[in-house]
There are 4 protein chains.
Amino acid sequence: MKALVFHGPGQTAWQDVPDPGIKDAADAVVRVDAVTICGTDLHIIKGDVPEVTPGRVLGHEAVGTVVETGGDVRSVRPGDRVLISCITSCGRCRFCREGHYGQCRGGGGWVLGHTIDGTQAEYVNVPFADLSVHPLPSAVDSYDAVLLADIFPTSYEVGVLNGKVQPGDTVVVVGAGPIGLAAIATAQLYSPGRIIAVDRAESRLAAARALGADATASADEEPDQLVEDLTDGLGADVVMEAVGVPEAFEMCTRMVRPGGHVANIGVHGKPATLHLEDLWMKDVTLTTGLVDTYSTPMLLKMMAAGRLPAASLVTHRFELGQMEEAYEVFSRAAETGALKVVLGGPQHNAVTVQTPGK
Amino acid sequence: MKALVFHGPGQTAWQDVPDPGIKDAADAVVRVDAVTICGTDLHIIKGDVPEVTPGRVLGHEAVGTVVETGGDVRSVRPGDRVLISCITSCGRCRFCREGHYGQCRGGGGWVLGHTIDGTQAEYVNVPFADLSVHPLPSAVDSYDAVLLADIFPTSYEVGVLNGKVQPGDTVVVVGAGPIGLAAIATAQLYSPGRIIAVDRAESRLAAARALGADATASADEEPDQLVEDLTDGLGADVVMEAVGVPEAFEMCTRMVRPGGHVANIGVHGKPATLHLEDLWMKDVTLTTGLVDTYSTPMLLKMMAAGRLPAASLVTHRFELGQMEEAYEVFSRAAETGALKVVLGGPQHNAVTVQTPGK
Amino acid sequence: MKALVFHGPGQTAWQDVPDPGIKDAADAVVRVDAVTICGTDLHIIKGDVPEVTPGRVLGHEAVGTVVETGGDVRSVRPGDRVLISCITSCGRCRFCREGHYGQCRGGGGWVLGHTIDGTQAEYVNVPFADLSVHPLPSAVDSYDAVLLADIFPTSYEVGVLNGKVQPGDTVVVVGAGPIGLAAIATAQLYSPGRIIAVDRAESRLAAARALGADATASADEEPDQLVEDLTDGLGADVVMEAVGVPEAFEMCTRMVRPGGHVANIGVHGKPATLHLEDLWMKDVTLTTGLVDTYSTPMLLKMMAAGRLPAASLVTHRFELGQMEEAYEVFSRAAETGALKVVLGGPQHNAVTVQTPGK
Amino acid sequence: MKALVFHGPGQTAWQDVPDPGIKDAADAVVRVDAVTICGTDLHIIKGDVPEVTPGRVLGHEAVGTVVETGGDVRSVRPGDRVLISCITSCGRCRFCREGHYGQCRGGGGWVLGHTIDGTQAEYVNVPFADLSVHPLPSAVDSYDAVLLADIFPTSYEVGVLNGKVQPGDTVVVVGAGPIGLAAIATAQLYSPGRIIAVDRAESRLAAARALGADATASADEEPDQLVEDLTDGLGADVVMEAVGVPEAFEMCTRMVRPGGHVANIGVHGKPATLHLEDLWMKDVTLTTGLVDTYSTPMLLKMMAAGRLPAASLVTHRFELGQMEEAYEVFSRAAETGALKVVLGGPQHNAVTVQTPGK
C-alpha cells in the first residue's frame, strides 16, 4: 500500500510500504477513508519529537472502514465504519480505568504515527481496537467525523472542561488556529456570556467570529487591555492557551480573574515564566493536559445531531494520493489560509470492504 | 493602649497608641487575649509589603473578647470570646457571596495589620464583625484557637482542599515550617496513604514526623528521587509548596504524577520557571490562593472535639507586653527552633470585660 | 397604598393598607413597578399554607424602584431600579454563608408574602436589602426581569443544576407550566442533546416546543414508552418533576436511566411512593430543593445579553390596579391559557421616585 | 470439585459438580482460598431473587489463586493470588468506560453466584478476568482481603462517597450489620465530626462503638430524637440506610438536615413512602446504588497499610468443607452474633497451585 513515511528531519515520502496486518488478538486493520494532518505532524517532520524514528508512517487521525479484526475484538467487525481516535487505550491499566486514556501505561496513549505506524496511509493497524475506535452513526459524514479524532476532543477536554467554562462566563481563547477555533466552538456547549478570541492573523479572527466569538483582538494590540475593559478590570473567568509559546501562556496568566482558570492546550517546546509574585494570592487554577478522548462518544452524538460546526474548520480537501501536496498547503498556513486539510479515498463514505493486499 | 507599631523598614516599637473605637456600625472592638506572629509580619518589617505604611499597628491573627459593637452588629455582643479571622468579609460583594472572602471587593479581605490597624495590640477594631469573627466554644483554649486565625485555614484551604487530597493519596509537603506542618496535620482529615515532608532543617522534619508525616527528606538530598522511589516512578498525587521560593515550586512540579495536583501555599516574591515543555502533556493542575477562611467553622468544630493538634505547633509563649522579645525569637527561627510563638494577656481565657480606656 | 390582602381561605381583596416603612436599619422600601402571581399564591388562597395568616399582603416576586433605605444598607440607594428576589438573605447564618439562602436561619428565606407583607402592593418593605435585591442593568426590561424573581432561578437551580444537566444529555421535563417551561429554557444553557416535555395540555406542549423542546408527549399517552424508545431502552439522563403530584414524581423515577438524576422542582402536598425495590440498585440520585437564588446575578447577565427567552412565558399583562382580574385569569389557566401574568405600575420602566405616602 | 448448589427455595447442598474450565479467552479459573457469605445469598435461598435458577453455584466474594487463564488475559497469570470482585466488568460498554462496572451492559455486573456459577466452591471461573480480579499484595491476608470483594467497596462507594461525607460532618448509619459496620469504618477516611449508629441489637451497637461510632441508639428508642438533640435540631449531614426495609429508609429521611444526603445502601424488596410534602423544600439529595468496585484498588492500598479494620468484622471462621454449617451460623445471626463468617481452604495463604481436576 501507499503511506506517508518519515525519513528523518525534513524528509518524508508518500511511498509503497508493506500492508499492515493483525499482530495481536486485540488489533483491527482499518482502510483509511478520511485523514487529516495535525500541527504535531509538522513538529515531527522538523525533528522536534525524537521518539519518532525514520521509517515511521505518520498520522494519528482518521475515519475508515474495518477490514480485519483479531480474535479478541468484540465491539467492531469488518465492514464497520469507524472513527480512529488519536488516543489508544489498553483498558486495563490504572489510568485507562480512570478514563485517563491519554496517560495509558499499558501500551496505549498517543502511539499512532508516533511509536507505531499511523493513519496517513491506505490502511492502518489499530491496537486495542475495542477501546480505540468508535463506530460511526450513518448520519455523520466521514469528512466531518475525522475532526473528532483529535482536535474537537482536545479542545473540549483540555480547554473547555479543564477550564470549567460555565454559563455566563467570559472566556478568552488565545490562538485561533484549528485548536483554538474548536475550543471556541465547543465552549458554546456551556453558554458562556462572552467569548474573546486573540490571534495575530485577521483571517483567523474572522473565522473565530464566524464560529461564535463575540469579540476579537489582535495579539499585537494589547489584548490584555480589551479583556480588562470588557470585564470592568476583573479579568476573564476562563483563559485558554492554544498557541504553544511562552508569551501566549504568560499573556493568559495576566488575563485571568481572581478565582479563574487558565487551561493550557498548546504544545510547548520551551519553559514559560510563571509570575508567582503576582499569582500566589490570586486563587488561580492552571491546567495542562493531553487529550484522553473520553468525550468522543458525546461529541459524536452532538455531531450526529448537527450541533458541532466541524465543516467550518475544513479549508482544503484532497485525494489520499495528494498527501504531499496537502502537507505543502497545510505547512504554509499563513499564505494558504489553511485551517484543517482533509484527505479522502474514493470510497470515503462507502462501506464496501476489501482486505488489504487482496 | 499598647500596640506594635511599624515605623518603616526595620523599625517597630511596642508603644502607646490611642485606643481604637467603633468607626462604623458594623465594627466591633475586641480586647486581645491571645495573638501570634506570622511570617508575613517579618516580610512587612523588611519592607517587602509596600501597602503597609509607617504608623500601622501590625498583626492579623488573634483571639479576644468583644468589648463594644456597632449598631449593626447582630451576631456577637460584648463579653463574647471570639476568634478574629485574618480575613475580613464585607458579605455583600460578589466574591464574599461566593465564599471567596479573601478576594473581597467591599472593604474586606486581608486588611488587619495591612491596610488598617491590626491585632498585635491590647485592643483592635474589627470591621464587618458579623462575618469576620467567630464565637468560640468554651471547650476551645484561646492559645490553641489563635492558630485558627490564619495558618490552619490557610494550609487546609489553599493546600489540602485546593490540592484535592483523597484517601490513599501520596502527599508531599515541601517546607515544614508552621504552614507546612499545619498542612501535614490537616491533610490527615482526608486519610492520605502516605505523607512525605521535605525541608532543610532536621528539627522541622522531626516536627513533621511527630505530626504524622510517614517519611521525610532533606531538601538537599534529592527528595525527587525519594518520591519517585516510593511511588514506583509515578510521582505524588498531591504536592504542596509551603516555602515561597522558585526552587521549591519547581521541585513540586517535578514531583507530581500525571493527573496530579500542585497546590501553592507559599508567599512568593519572585517568578518561577514553569517547564511547560515537560508539563503540557502531563495533565497537571496547579493552584494558587489566598485563604478565604470559609473552613474556619469546621476547623473550630474539629478543634473542639480535640482533633486538631494545634498545640504541637506552639514552641514559645509570652506575655503580650513581651512583643518585641517574641518577634526576636520568631525571627531567628533557625537558632531558636521557633515554630509558632503565642502571646497572651493575663485574662486570656477569662470573660470579664472592660471597655478600653476606662 | 393599595395591596392584595389575604383574609382567610378563598378571600382576598385589593384594598387600602398602611404604607410600609423602614423598620430595621437593613430594610429598603421599594415602589413596585412590575409584579407577577405564582402558583404558590393560589395554594395560599386555598388555605394550603397555614403560616400565612389573615391580613397578610401576598406576593414574593417584583421589580421596583428603591424609595427609602435603612442606615445599614450599602449596596442600593433611592432611585435604583431593582429586582426583588423571592428569597431574602440575612447573610450571617451558616446557610447564607454557604449560598443556601433559601434555608436562611437568620430571618430570611422565603418570607415575602408568606410570614411578612409581600410584593403585590404599590410599595413593599424588603428586609436585608443588601443581599435580597439586585440592581438592574438598564438593558433589562422590568416586565422581563420580574421572571427572575422566582421562576427562572427556581427552574435553573432546583431543576437544571441539581439535575446536573450536561452537554448531550437526554432531559425530560414532566410538567410544562411556567416552571417546567423555564426549566426547558435554562436547561439549554448546558446544551443537552434532546429535551422531551410531558404535559396534559397540548397548548403547553406547543409552548414547550416553541421554547426548545425537541419532543413532547401527552401525560396520558405513555410518555414512559416514548422516553424508552428514544433512549434505546436506557432511560433519560435527567428527569425534572415540575408538577407537584405523586403520580408525576413516580413517573419521573421510572423514566430515569441507571446513573441518572431526578430533580424535583414541584411543590408537593402529599407523599409519593418510592419504588426502592426497583431503584435500590439503579444508581439514581433524587434531589429536592427550595430555590436559593444564588444564580440570579448570572441569569441577569444572560438576560441583559438577550439570551433568556423570558418574554415568551408572559401571556397576559395588567395594570397594578387590575390585581383581582389578573388573579382571576391566572387561576383559570386551563381556560385562559395563562402562563405568567405580569402587572405593572404606570412608571414601570421609569426611575423617578416618590416616597410612599408623600 | 465441591460447591454449594442452589436447588430451589430453601434447598442447597455442598456437593460434587464438574470442575469449571476456561470458556472464553478472557476467563480465568481461580482456586478459592477464602470465601464468605453475603446477606444476599440468604435472600437467594429464600427464593427472593428469581434470576437465580436451580443448579447454580452460589457466592460472589472470594480470594483465591489463579490456576488457568484464557488467551486474552494479560494482567494475571497462574499462581497469582487475587481478590475476586463481586462485580465483573466487560471493560468495553459505556458504563464500564465510565467506571460504573455495576451497571455493565456487556456481560458483566453482578453475575457470579447470580446468573453464572459463583465462588462458594473449590474453583470458580471468572469472566473478563483482567478487569474483574485484583492481584493481592503479599502484605494482605486472604481472610481480611475477602471483605474487599463486596462489603467494603459497597459501604464506601454507595454509602460514604454517594453520601459525600466530609470532615466535621455528623453521620448517621442506620443498621449496624456487616454493611453498616463497614460504612462506619470507611466513613472515618473522611474524618466526620461524629458518627451515630442505630440498630435493634445491642451487640451490633457495641461492635459499632468498637469500630469508631461516637454514639449509638436503639432503633426502638426514638433515634430521631437523639440525632435532633446532638445537632441542635438541625439533623445529620449524611444518613446511610444499611437495613433494606421501608421503615429504616423513612427514618433516614427524617434524620437528614436541610442540604444533607441520604445514601441508601440496603437491598430493598418493597417500596417506601417518600414524604415529599416535607422534603420538597428541604434541599435533600437521596442516592441509591449497586457497588461498582472502582474503589477496590484504593481500599486494597489502605488495607495493606493496616488502615482498614477488616478483621474486626469477622466473627466466625470455617474450613471450606463446612459450608453448610457456616450458612447455618450466618443465617441465625441474632442468636449466634455472626457478622461475617469466612471459610478457607487449607492453602488459603499459600501460592502453590494445582490445576483443578488434576
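Residue numbers start from 1 in every chain, and the chains themselves are labelled A, B, ... in the order their sequence lines are given, proteins ahead of strands.
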Salt bridge present between B:Glu61 and B:Lys340 (N-O < 4.0 angstrom):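 So B:Glu61 pairs with B:Lys340 through a salt bridge.
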
Charged N to carboxylate O below 4.0 Å: is that the case for A:Glu247 and A:Lys270?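 Looking at A:Lys270 together with A:Glu247, the answer is no, because their closest N to O distance does not fall below 4.0 Å.
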
Is the A:His268 ring parallel, tilted or perpendicular to the A:Phe249 ring (thresholds 30°, 60°)?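 Aromatic pair A:His268/A:Phe249 classed perpendicular.
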
Which one of A:Pro246, A:Gly244, A:Pro258 has the most heavy-atom pairs closer than 4.5 Å to chain B?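 Option with the top pair count is A:Pro258.
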
So which residue, A:Ile265, A:Thr273, A:Leu274, A:Val158, ends up with the most heavy-atom pairs under 4.5 Å with chain B?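 With the most close heavy-atom pairs to chain B, the winner is A:Leu274.
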
Need one label for B:Asp292: side chain, backbone, both or neither, based on atoms under 4.5 Å from any heavy atom in chain A.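 When you check distances to chain A, only side chain atoms of B:Asp292 fall under 4.5 Å.
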
Quick check against the 3.5 Å criterion: does B:Gln120 have a side-chain atom that pairs as donor or acceptor with the backbone of B:Thr36?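 Looks like yes, one N/O pair under 3.5 Å.
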
Using modelled atom types only, decide if a donor and an acceptor are shared between the side chain of B:Thr288 and the backbone of A:Val284 within a distance under 3.5 Å.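 Between the backbone of A:Val284 and the side chain of B:Thr288 there is a qualifying donor-acceptor contact (under 3.5 Å).
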
Considering only heavy atoms from C-beta outward, does the side chain of A:His261 approach that of A:Asn162 to under 4.5 Å?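 No, every pair of side-chain atoms sits at 4.5 Å or beyond.
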
Does the side chain of A:Leu290 come within less than 4.5 Å of B:Asp283's, by heavy atoms?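 B:Asp283 vs A:Leu290: side chains touch.
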
If the contact rule is any heavy atom under 4.5 Å from chain A, which residues of residues 84-113 of chain B qualify, in numerical order?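 The residues closer than 4.5 Å to chain A, in numerical order, are B:Arg94, B:Phe95, B:His100, B:Gln103, B:Arg105.
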
Winner by heavy-atom pair count (cut-off under 4.5 Å) against chain A, out of B:Met281, B:Glu241, B:His275: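 Result: the option with the highest number of such pairs is B:Met281.
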
Quick check for you: among B:Asn264, B:Leu234, B:Asp278, B:Val262, which has the greatest number of heavy-atom pairs under 4.5 Å with chain A?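 Winner by heavy-atom pair count: B:Leu234.
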
Should A:Thr115 and A:Glu51 be marked as a side-chain hydrogen bond (donor to acceptor under 3.5 Å, both in side chains) after you check the CA-CA gap, both sets of side-chain angles, and the distance that decides it? CA-CA 7 Å; A:Thr115 57; A:Glu51 320 76 281; over 6 Å; no

